[in-house]
Engineer: 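Got a structure for you, questions after.
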Amino acid sequence: MTNNGTSQSKKDRVWAALDQFRIEIPSWGFANTGTRFGKFVQSAAATSIEEKFADAGEVNRLTGASPTVALHVLWDVPNGTADVAKIRALEKQHGVKAGSINPNLFQSQEYKFGSIASPSAEVRKIALGHLLESVEIGRALETRDISIWVSDGSNYPGTQSISRRIGWMEEVLSAMHAATTEGQRLLIEYKPFEPAFYHTDIADWGMALHLAQKVGPRAKVLVDTGHHYPGTNIEQIVAWLLHLDALGGFHFNDRKYADDDLTIGSIDPYQVFRIFHEILSAPKAATEGIAYMIDQSHNLKGKMEAMVQSVVTAQELYARAALIDREALSKLQDDCKLVEAEEMFRDAFWTDVRPMVRAWREARGIPADPLQELRDSRYVERISQDRGQRNSNAVSSYA
Ligand code: RM4
Ligand code: MN
Ligand code: MN
């Protein structure tokens, strides 16, 4: 095959990958956030569900790749199913749909010593009630995933029973699973530390996997890329979860030190590429249900700009991973042609796919340069004006 032929097939691979790649954006990525030290409000930040939907709709208009928005129940659906009609109307108005439903088991005062792993049966009951309500909300909005992250844990050795808390979590999550119906899934997210600093009840993928397998077939594991110790081989975890048919989805973000919630690929794009490679290497049936989601918190960068960057970066890294000729790579691996295999892998990573992605966007009627289009549209200036006054008075919360 000529050079032309090769680049033609590269183009086909990239376009096919982009045609089916979608990534969910989080409502909280548009809201004012901060560190535990200081919070700097942004005049363009969204403070209501209406504004979050407007922003998400704009990101989807610019990228064509983010048709759903993740909702946090406490921040976005505070009245439970009574809010469903309003959200339905916002979906229509802004052309984006509600995506994963995120119960909030970490902000109410009763969860001081845990939620689903609390030693208090009373508190566990409250937590289960919230989870059941989240299942209801998901069903009413016809979304698939209820995505659970719990902050449960303890700060000092001996202060809690690590082992008894396992049983309590099993009980609550089993009861929640029993309430799900066909088409719903329960995603269990793990995180090694923070806010708990001695033990976290669902600290790693082994614990999340156990809970998922224990509670039922609709439960899967959610991998948040920021929730690992430095140096962890995340793509290996992904390969194992795929093998076990237990990979529910991702929360993408990047980090340098802890759960930094930085823009995807901003510190280590090679990590994301390697994850996508494992996914694209797996049988299609095993990967079809994977929920790709962004879970980021943009403290200083503009929320809209950061979200567009995130979607675009995810597309670019997915496209780069799609470049690998996996059949040829397998052959090199089997023959233990180490350098040739590595070079093939590296070559895909180092390919600048941006011109191909641009051409794909043009062909699909999507702005060729979403970030530039955002600037040209002056959307951020408009919302800054509309929201500035309110934001300057805002006592910012996580949401
Ligand atoms: C956690 C975790 C959850 C997210 C919260 C806000 O660290 O990543 O997914 O919902 O933060
Ligand atoms: Mn997360
Ligand atoms: Mn996190």
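Counting starts at 1 for both ligands and their atoms, following the listed order.
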Engineer: Does the plane of the ring in Y292 sit parallel, tilted or perpendicular to the ring in Y318? Use 30° and 60° as the thresholds.
Structural biologist: perpendicular

Engineer: Which atoms of ligand 1 sit under 4.0 Å from any heavy atom of D259?
Structural biologist: 7 (O)

Engineer: Would you please indicate yes or no on a ring centroid separation below 6.0 angstrom for W149 and F106?
Structural biologist: yes

Engineer: Against F345, only a single residue in F273, F276, W350 fulfils ring pair (Phe, Tyr, Trp, His ring centres under 6.0 Å); can you say which?
Structural biologist: F273

Engineer: Is there a path of hydrophobic side-chain contacts, each under 4.5 Å between heavy atoms, that joins W28 and I383?
Structural biologist: no

Engineer: Do the non-hydrogen side-chain atoms of I202 and M169 ever get within less than 4.5 Å of each other?
Structural biologist: yes

Engineer: Looking at D224, which atoms of ligand 1 are within less than 4.0 Å of one of its heavy atoms?
Structural biologist: 8 (O)

Engineer: Counting only heavy atoms, which portion of D295 has something under 4.0 Å from ligand 1: side chain, backbone, both, or neither?
Structural biologist: side chain

Engineer: Looking at ligand 1, does any of its N/O atoms fall within less than 3.5 Å of an N/O of H251?
Structural biologist: yes

Engineer: By atom name, which N, O or S atom belonging to D259 lies closest to the Mn ion (ligand 3)?
Structural biologist: OD2

Engineer: Would you call the rings of F197 and F193 parallel, tilted or perpendicular if under 30° counts as parallel and over 60° as perpendicular?
Structural biologist: tilted

Engineer: Which residues and atoms, counting only protein N, O or S, are under 2.8 Å from the Mn ion (ligand 2)?
Structural biologist: E189 OE2, D224 OD2, H251 ND1, D295 OD2

Engineer: With sequence neighbours left out, which residue pairs that include part of residues 139-158 fulfil the salt bridge (charged side-chain N to carboxylate O under 4.0 Å, His left out) condition?
Structural biologist: R88-E142, E136-R139, D145-R185

Engineer: Among I294, I264, N60, find the residue that satisfies the side-chain contact (heavy atoms from CB on, under 4.5 Å) test when tested with V311.
Structural biologist: I294

Engineer: Is E194 near ligand 1, meaning one of its heavy atoms is under 4.0 Å from it?
Structural biologist: no

Engineer: Hey, does W28 come in under 3.5 Å of ligand 1, counting only N/O atoms on both sides?
Structural biologist: no

Engineer: Could you check whether any side-chain heavy atom of Y190 comes within less than 4.5 Å of a side-chain heavy atom of T200, counting everything from C-beta outward?
Structural biologist: no

Engineer: Which atoms of ligand 1 sit under 4.0 Å from any heavy atom of H227?
Structural biologist: 2 (C), 7 (O), 8 (O)

Engineer: Taking the minimum heavy-atom distance to atom 9 (O) of ligand 1, which of Q296, K191, E189 ranks first?
Structural biologist: E189

Engineer: Centre-to-centre under 6.0 Å for F30 and H298, is that the case here?
Structural biologist: no

